[in-house]
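Structure first, commentary second.
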Amino acid sequence: MTHTDDTRAAGAARQLRRIRAFYAAGVVLWTASSVWTMGDSPGSRPMWTSLLLLAVFTGLLLMACRWLRRLGPTGSARPSRHVTLSGRAGRHAMSKP
């Protein structure tokens with residue numbers, strides 16, 4: 001994998017983490033809405049709409065989690081731009097001493 005691929009993978013992982021939080025919020029919202037609507041008017045069109053949207057957001061959340069797992073390790077793995085340099089100037093891996 002090249003440096004460009006690493007950067008793109010890190011950006012994709014960052015974006016997937018953000019959208020995963022959005023989908024999780026959607027699951028919570030539509031779960032609450034479905035429960036509320038089931039109690040208020042069971043079997044109604046709004047109840048089925050809430051359940052449909054709950055299923056959609058749950059599916060999207062599961063897909064985002066699966067794609068994040070495929071991208072590789074997360075958590076303690078930090079992108080190279082966060083690496084701190086020691087007191088000396090950094091050298092390119094291919095440069096001669």
Side-chain angles (χ1 to χ4, degrees):
M1 195 183 279
T2 64
H3 177 68
T4 305
D5 292 339
D6 291 340
T7 305
R8 287 183 183 165
R14 192 169 31 257
Q15 185 175 8
L16 275 172
R17 280 188 215 102
R18 286 184 194 136
I19 201 70
R20 182 181 60 180
F22 176 76
Y23 291 154
V27 167
V28 170
L29 172 75
W30 291 113
T31 299
S33 174
S34 297
V35 169
W36 180 275
T37 310
M38 277 186 215
D40 193 34
S41 55
S44 66
R45 184 175 294 205
M47 183 202 75
W48 290 112
T49 303
S50 291
L51 288 174
L52 175 69
L53 288 168
L54 174 61
V56 168
F57 273 88
T58 302
L60 289 170
L61 178 62
L62 292 173
M63 286 173 41
C65 290
R66 184 176 181 193
W67 289 336
L68 265 173
R69 255 185 306 218
R70 282 187 177 181
L71 279 177
T74 58
S76 64
R78 303 176 85 187
S80 60
R81 67 176 191 201
H82 292 290
V83 174
T84 58
L85 295 175
S86 61
R88 62 188 175 108
R91 294 188 346 202
H92 190 273
M94 299 301 290
S95 64
K96 297 189 181 202

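Here the structure is a predicted model, which is why all the values come from computation and not from measurement.
Grouping the Ile, Leu, Val, Met, Phe, Trp and Tyr side chains by contacts below 4.5 angstrom, directly or via other members, places Leu62 apart from Leu68. In the hydrophobic cluster analysis, where Ile, Leu, Val, Met, Phe, Trp and Tyr join through side-chain heavy atoms closer than 4.5 angstrom, Val56 is grouped apart from Val28. Linking Ile, Leu, Val, Met, Phe, Trp and Tyr whenever their side-chain heavy atoms come within less than 4.5 Å puts Leu60 and Leu29 in one cluster.
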Can you list, pair by pair, the side-chain donor-acceptor contacts under 3.5 Å of residues 46-55, counting residues two or more places apart and other chains?
unit_1, atom_1, unit_2, atom_2, d
Thr49, OG1, Arg45, O, 2.9
Ser50, OG, Ser33, OG, 2.9
Ser50, OG, Pro46, O, 3.1

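Every pair tested for side chain to side chain donor-acceptor pair (under 3.5 Å) that includes a residue from residues 55-67 fails, sequence neighbours excluded, so the list is empty.
With sequence neighbours left out, Thr31 forms a side chain to side chain donor-acceptor pair (under 3.5 Å) with no residue at all. Taking the side chain to side chain contact (heavy atoms under 4.5 Å, CB included) definition, one finds that Leu61 meets it with Arg20, Tyr23, Ala24, Val27, Cys65, sequence neighbours left out.
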